[in-house]
Amino acid sequence: MRHRAKLVGLRSHCKAEVHAVLAKCGVQVAMSDLFGIEGTVLLGRLDLAAPYAARIGSLRRIMDGLDFEIDHVAGMVRGRLAGDPRYAAVQQIPGIGPTLAAVLVAEIGDIDRFTRAEQLTCWAGLTPVHHESDAHVHRGRITKQGSRLVRWAVVESVQILPDTTLVGRFRDRVAARRGRNIGVVAAGRRQLEYVFYALRDHHVRALDKGNNHRPRSRHEPPSPRGPVAADRAGQDPHPVAWSPL
């Protein structure tokens, strides 16, 4: 999975370069996905100076090759994990599809190393640093220790979750108070708690209809929050730039 992540990172770098070339040429990109159907039509119709056209052509050929390798590696990984109950369970979490599930299962490994969900989020570097004084407790940035791939996978999985999901609604609530980036990271931490229970129990009870509370460890006291709507199934979001937290 590390190899695939590097390939995705290279592809994202090529995409960024194409956007940079178009910006230098003054080309406006109206569509959200330059490499979708409409974007491909736009790229095919461009009449650019020879050096810029050659650069974009080269980048697109490199991206085509990377797409093939990414799909090949992903297929191999999915084949190896097809019979793994952990792999199937993690995909029940909204926002996590086959690719991100493979990353999480491979990177986390034996979940029995962790007795509580909080230990997993701490190991992944998603726990905020605490600064305590006699009168105040200040929560700073996340530690960014542990697996960068796990941090990337869970944060990526919550980026485009709709607000009809538990984690999507939690992300937006935090973002409204503290900003989008903090909301996304906090949602990624919550998402990883779901992953803990999926890997340990092969099921996340918090996602069951009629049992809509946040997952909690065996030693965690009940949450004072009331019930919220159940999550809906989700898929992997479209890959974006490789930017490990």
Side-chain angles (χ1 to χ4, degrees), residues 1-2 4-5 77 80-81 84-130 137 139-159 161 165-171 173-174 178 181-208 211-223 225 228 231 233-237 242-245:
M1 290 312 300
R2 289 182 181 274
R4 184 190 180 280
V77 173
R80 292 179 182 178
L81 294 174
D84 192 325
R86 302 172 303 164
Y87 181 58
V90 170
Q91 291 181 68
Q92 300 304 309
I93 301 171
I96 299 179
T99 299
L100 295 184
V103 170
L104 293 166
V105 171
E107 281 294 302
I108 295 172
D110 184 8
I111 196 61
D112 291 335
R113 296 182 294 146
F114 310 100
T115 59
R116 296 181 296 121
E118 293 79 7
Q119 291 181 347
L120 176 59
T121 59
C122 182
W123 170 82
L126 284 169
T127 302
V129 177
H130 282 68
V137 176
R139 301 184 74 184
R141 297 177 180 272
I142 59 174
T143 64
K144 295 188 180 181
Q145 297 174 346
S147 172
R148 292 186 299 169
L149 271 178
V150 169
R151 287 199 301 278
W152 168 76
V154 293
V155 169
E156 186 69 13
S157 74
V158 303
Q159 293 275 5
L161 278 178
T165 62
L166 281 172
V167 175
R169 192 157 45 248
F170 174 72
R171 176 202 61 212
R173 189 165 64 247
V174 175
R178 306 190 62 192
N181 289 341
I182 293 179
V184 168
V185 172
R189 183 165 57 249
R190 179 67 59 85
Q191 189 85 312
L192 192 54
E193 293 179 5
Y194 285 125
V195 171
F196 171 83
Y197 292 101
L199 293 177
R200 190 191 69 177
D201 305 329
H202 303 164
H203 179 68
V204 183
R205 287 182 296 174
L207 300 181
D208 292 342
N211 186 21
N212 305 320
H213 294 280
R214 170 192 173 190
R216 51 188 179 85
S217 69
R218 294 165 177 157
H219 307 291
E220 183 180 351
S223 170
R225 299 181 181 134
V228 291
D231 281 316
Q235 300 296 328
D236 283 343
W242 166 247
S243 179
L245 296 174

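All values below come from the heavy atoms of this structure, side chains included, with hydrogens, waters and symmetry mates left out.
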* Show your reasoning for whether side-chain contact (heavy atoms from CB on, under 4.5 Å) applies to Ile96 and Val195. => CA-CA 10 Å; Ile96 299 179; Val195 171; 3.9 Å; yes

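How far CZ of Phe196 is from CG of Leu104: 14.0 Å, rounded to the nearest 0.5 Å. Atom CZ of Arg173 is separated from atom CZ of Arg178 by 13.5 Å, given to the nearest 0.5 angstrom. For the atom pair Ser157 OG and Leu192 CG, the distance stands at 9.0 Å (nearest 0.5 Å). Atom CZ of Arg200 is separated from atom CZ of Arg116 by 11.5 Å, given to the nearest 0.5 angstrom.
A heavy-atom distance below 4.5 Å is not found between the side chains of Val154 and Thr121. Between Ile111 and Leu120 there is a side-chain heavy-atom pair separated by less than 4.5 Å. At least one side-chain heavy atom of Pro94 sits less than 4.5 Å from a side-chain heavy atom of Leu161.
For the residue pair Ile93 and Gln191, the shortest heavy atom distance occurs at CG2-OE1, 3.4 Å. The nearest pair of heavy atoms linking Leu149 to Val103 is O-CG1, 3.9 Å. Minimum heavy-atom separation, Ala186 to Phe170: O-CE2, 3.4 Å. Shortest non-hydrogen contact noted between Arg171 and Ala187 is CB-CB, 3.6 Å. Contact detail for Gln91 and Ala101: the closest heavy-atom pair is CG-CB, 3.5 Å. In terms of heavy-atom proximity, Arg86 sits nearest to His202 at CG-NE2, 3.7 Å.
In the displayed structure, Asp84 atom CG is contacted under 6.0 Å by more than 12 heavy atoms of other residues, nucleotides or ligands.
Proximity of a side-chain donor or acceptor of Arg113 to a complementary backbone N or O of Ile108 within less than 3.5 Å is detected. When atom types are taken as modelled, the side chain of Tyr87 and the backbone of Pro98 share a donor-acceptor pair closer than 3.5 angstrom. Counting only distance, with no hydrogens or angles, the side chain of Arg189 and the backbone of Leu126 share a donor-acceptor pair below 3.5 Å.
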